[in-house]
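Accompanying notes for the structure given below.
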There are 2 protein chains.
Amino acid sequence: MARRGSYAKGVAKREEILTSALEVIAREGYGRASVRELAEAVGLSQAGLLHYFGTKEELFAAVLRKRDEADLARSEDETGTRSVFEGFRQTIGRNADVPGLIQLYVRLSAEATDAAHPAHAFFTERTRAFRETVAGDIRRMQAEGTARADVDAEQAAMLLLAAADGLQVQWLTDPTIDMAEHVATLLRLLEPPAAPADA
Amino acid sequence: MARRGSYAKGVAKREEILTSALEVIAREGYGRASVRELAEAVGLSQAGLLHYFGTKEELFAAVLRKRDEADLARSEDETGTRSVFEGFRQTIGRNADVPGLIQLYVRLSAEATDAAHPAHAFFTERTRAFRETVAGDIRRMQAEGTARADVDAEQAAMLLLAAADGLQVQWLTDPTIDMAEHVATLLRLLEPPAAPADA
DNA sequence: GTCTATATTGGGATAGAC
DNA sequence: GTCTATCCCAATATAGAC
């Protein structure tokens, strides 16, 4: 299919680089993850790595994109076995296993608030998609009576995302806090009021 | 009191620097706020400024500290005229007037998650104090029936802080979102269930 | 206390050979 | 595609004069 396999090889190499980068960042954190460091980890020179990703930021955005894909794939594997809320809570809980990645996410998202940042579009789109999906889920739950009806679904989705993001900053600062538990508390606030005892 | 006024002068100069830095950062954003830039704005050379604050990070932490003090002073001015929740909501709303400062806060807090960062202790202590104060307020409200009793006050305080932090990131990315409104929604979730009509 | 000048560093990007 | 070598830049930090 690919002529002389060169295109396919390039894609495979990119994947290899991203996987390796993911590991290094998870282990060493964002601060120590220079292009040089990431290049060495995958057995390339700095210039060699930049042949695949033009700039450092593009590389980092690609790392986060790949991680989102992995999370999504896992979620879909488990579709139907749990509620939307429960799935969200579990993803947050799993995050606590990869401090370096959380740091990448927190710091890159902070830097990418600047519209001129190469990863700005990535985060904008990610947020939009998240809000849309979660708001849809919440609306469905409201319709079937498993979520409070007196809250705007868009706003609830936004709050969920914001709280999750904010908790990650807190957790990086103090890893003893339980992100999943806090998220669970927020989700509980979104449950419909308990049915009266005589219902 | 101070011998030849030299000590008092140093303190005044520090204040002058901080005030100026606050303005520059609010206007130019975090990215463009180099020590040189901040020094020029207050009529000093870079080395001159660093005479007062040993390092860039110490300067930035001092800027945030000063801003917290200003917020606190304003809040205390208005004590008693509003509920704790309303005060919180209004502070968030005011934040939307100073994008540069929000950026400073978001980015510095992200960087300071690293325990070795010079501003780490500042954020740790700030978070602790916030949680303690807000949790206390919530407990009081629970006792008097103006907040849901079935939520842990510490967790609610944490969620409030996390949501506020996360919303700031979202807002920097897209300034059309209304932080205060979203916070208000969360606060509403913490209200006690409406009294039955026949109560 | 303040400046000028310089050291140092840390890294990203680029040119050109192989 | 990959490397070596180098460029280059932005900043902070520091030494030492005034």
Exercise for the section: Could you check which residues of residues 30-41 of chain B get a heavy atom under 4.0 Å from DNA chain D? Sort them by number, please. Expected result: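 Here the set is B:S34, B:V35, B:R36.
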
Exercise for the section: Can you sort out which residues in residues 44-56 of chain A have a heavy atom within less than 4.0 Å of DNA chain D? Ascending by number, please. Expected result: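 Heavy-atom cutoff 4.0 Å gives A:L44, A:S45, A:A47, A:G48, A:H51, A:Y52.
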
Which pair of heavy atoms, one from [X] and one from [Y], lies closest together, and at what distance?
X	Y	result
B:A39	B:S45	CB-O, 3.5 Å
B:R188	A:V151	NH2-CA, 4.3 Å
A:I138	A:A147	O-CB, 4.4 Å
B:L190	B:A156	CD2-CB, 4.0 Å

Practice task
To the nearest Å, give me how far apart CG (B:L59) and C1' (D:dA11) are.
Solution key: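 The answer, rounded to whole Å, is 14 Å.
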
Problem - Value in whole Å for how far the P atom of D:dG1 lies from NZ of A:K13 - result: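 After rounding, the gap between these two atoms is 11 Å.
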
Exercise for the section: Output, in order, the C-alpha distance, side-chain angles, deciding distance and verdict of salt bridge (Lys or Arg N to Asp or Glu O under 4.0 Å) for B:R89 and B:E86. Expected result: CA-CA 5 Å; B:R89 202 189 60 69; B:E86 178 60 12; 3.2 Å; yes

Problem - Test salt bridge (Lys or Arg N to Asp or Glu O under 4.0 Å) applied to B:R128 and B:E125, step by step - result: CA-CA 5 Å; B:R128 194 204 55 70; B:E125 167 55 18; 2.9 Å; yes

Problem - Near-ring test A:F60/A:F122, centroid separation under 6.0 angstrom - result: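 Aromatic pair excluded; centres sit 6.0 Å or further apart.
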
Exercise for the section: Using the salt bridge (Lys or Arg N to Asp or Glu O under 4.0 Å) rule, take B:D71 and B:R74 through it: C-alpha gap first, then chi angles, then the decisive distance, then the call. Expected result: CA-CA 5 Å; B:D71 275 357; B:R74 187 159 37 193; 3.0 Å; yes

